[in-house]
There are 2 protein chains.
Amino acid sequence: MRQKKVSAANVTVLERLRTAGLRPTRQRLALAKLLFARGHRHVSAEQLFNEAKGHRVDVSLATVYNALHDFTAKGLLREISIDSSSSYFDTNTGNHHHFYFERSGHLEDIDDNQVEIAALPEAPGGAEISRVDVIIRIRA
Amino acid sequence: MRQKKVSAANVTVLERLRTAGLRPTRQRLALAKLLFARGHRHVSAEQLFNEAKGHRVDVSLATVYNALHDFTAKGLLREISIDSSSSYFDTNTGNHHHFYFERSGHLEDIDDNQVEIAALPEAPGGAEISRVDVIIRIRA
DNA sequence: CAAGAATTTTAGAATCGTTCTAAATAACGA
DNA sequence: TCGTTATTTAGAACGATTCTAAAATTCTTG
Ligand SMILES: [Mn+2]
Ligand SMILES: [Mn+2]
Ligand SMILES: [Zn+2]
Ligand SMILES: [Zn+2]
């Protein structure tokens, strides 16, 4: 394979992958760059795959799925299942919630501090809560 | 087809279907009886299909899907997508929330008044909120 | 009750997002 | 560089769901 060009953006992404314990392969670097280049995003595998094609990033669909799952397992992404038709991967891994636009399937972040949950029931049997998701569905 | 036996439970279910504007066919009556017989439930299409088989209710999988969607469209059920692998249909159509047991895939209702949301952001552009879902994920 | 019209059911095919397989390739560490 | 391990890949397979179009049932009207 040809020599990698190591730009500033690449360095950041490369470090992120290494820190996460993921080998910085050409494919992962390219996908991570697309994902983390600017603000937070919610993408499906198919979307990212097409975006990669658009940027002349030669990568298979299987690798896109592998990368998204590997990134998720290492905490670089969070997986969201709202619509049973496909899942989204969220580059925002901090505590936050979502608007879900039912018509378009679009997701929009709601900052954690915009939602105030005054009371929550205890988990049955004192089980551990892994996450509380608040989804505000918008019909129009 | 053989004559229908019209028990008390059947009458209730029959009325429910008629009121909803759904023809009370043998299949819908049997499925509705299974669904609404006792307390609230969260079932997948496959689960209901198997339950029907267990009760000697002769119905095709396509009809189970049709019935679940028709019931949902008429407000007799609510569809829930939490795990992208399959969707659940909830016989509880009132305002309420859920515990989701990640290991088993089980859903458990949380009464609306057990969750107190003190602050919620406004929907962008003053759009109409169709529903607010709170899902408490339990890891263990 | 008898048609006829409208709706529902059904088996099986098709769809589609996702996962799997196993062979080729690339990254790593010594 | 070499051996080991991890990753990528094309394409097959999978599984939940939807579609098709023909048969059956339900409803309406007379
Ligand atoms: Mn997944
Ligand atoms: Mn559905
Ligand atoms: Zn988000
Ligand atoms: Zn419920």
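Residue numbering restarts at 1 for every chain, and letters A, B, ... go by the order of the sequence lines. All values below were derived from every heavy atom in this structure, side-chain atoms included, with hydrogens, water molecules and symmetry-related copies excluded.
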Take the protein atom CG of A/Leu14 and the nucleotide atom C1' of C/dA27, then report the distance between them rounded to whole Å.
12 Å
Report the distance from atom CG of A/Leu68 to atom P of D/dT7, rounded to the nearest whole Å.
15 Å
With respect to the phosphate group of C/dT18, does any side-chain polar atom (N or O) of A/Ser87 fall under 4.0 Å of OP1 or OP2?
yes
State which of C/dT8, D/dT9, D/dT7 makes the closest approach to the side chain of B/Arg28.
C/dT8
Is A/Thr25 close enough to D/dT8 that one of its side-chain N or O atoms is under 4.0 Å from OP1 or OP2 there?
yes
Does D/dT26 have OP1 or OP2 sitting under 4.0 Å from an N or O in the side chain of B/Arg18?
no
Heavy-atom donor-acceptor pair, B/Thr63 side chain to B/Val59 backbone, under 3.5 Å:
no
Give the nucleotide from the list D/dT9, C/dT10, D/dT17 with an atom nearest to the side chain of B/Thr63.
C/dT10
If you compare every side-chain N and O of B/Tyr65 against the phosphate oxygens of D/dT18 (OP1, OP2), does one of them come in below 4.0 Å?
no
Inter-residue atom distance A/His97.NE2 - A/Ile110.CD1, 0.5 Å rounding:
7.5 Å
Which of C/dT9, D/dC27, C/dA27 is nearest the side chain of B/Arg23? It is D/dC27
May I ask you to establish whether A/Arg137 and A/Phe99 are in a cation-pi arrangement, using a distance under 6.0 Å from NZ or CZ to the six-membered ring centre and at most 45° from the ring axis?
no
With sugar-phosphate meaning primed atoms plus P, OP1 and OP2, does B/Ser85 contact a base, only sugar-phosphate, or nothing at under 4.0 Å between heavy atoms?
sugar-phosphate
Spacing of A/Ile80 atom CD1 and A/Asp83 atom CG [to the nearest 0.5 Å]
12.5 Å
d(CG, A/Leu61; P, C/dC16) in whole Å:
14 Å
Can the positive tip of B/Arg78 be found less than 6.0 Å from the middle of the six-membered ring of B/Phe89, inside 45° of the ring normal?
no
Of the candidates D/dT17, D/dT26, C/dT10, the side chain of B/Ser86 sits closest to D/dT17
Among D/dT9, C/dT18, C/dT10, the one nearest any side-chain atom of B/Arg26 is C/dT10
When rounded to whole Å, the CZ to C1' distance for the pair A/Phe89 and C/dG17 reads 11 Å
Does B/Tyr88 or B/Leu22 map to a spot on DNA chain D nearer the 5' end, using the closest nucleotide for each?
B/Tyr88
Is there a side-chain polar atom (N or O) of B/Gln27 under 4.0 Å from OP1 or OP2 of D/dT25?
no
Name the nucleic acid region contacted by A/Asp70, choosing base, sugar-phosphate or nothing; use a 4.0 angstrom heavy-atom cut-off, strictly under.
nothing
Does A/His69 have a side-chain nitrogen or oxygen under 4.0 Å from the phosphate oxygens OP1 or OP2 of C/dT19?
yes
Would you kindly give the CG-to-P distance between A/Asp83 and D/dT18, to the nearest whole Å?
11 Å
For the pair made of CZ in B/Phe71 and P in C/dT8, what is the distance, rounded to whole Å?
11 Å
Looking only at the side chain of B/Ser60 (C-beta and beyond, no hydrogens), which of the listed nucleotides D/dT17, C/dT10, C/dC28 gets closest?
C/dT10
Take the protein atom CD of B/Glu46 and the nucleotide atom P of D/dT17, then report the distance between them rounded to whole Å.
8 Å
Does A/Asp58 reach a base, just sugar-phosphate, or nothing at all? Heavy atoms under 4.0 Å.
sugar-phosphate
In whole angstrom, what separates B/Gln47's CD from D/dA16's C1'?
13 Å
Quick one: do the A/Asp112 and A/His96 side chains pair a donor with an acceptor below 3.5 Å?
no
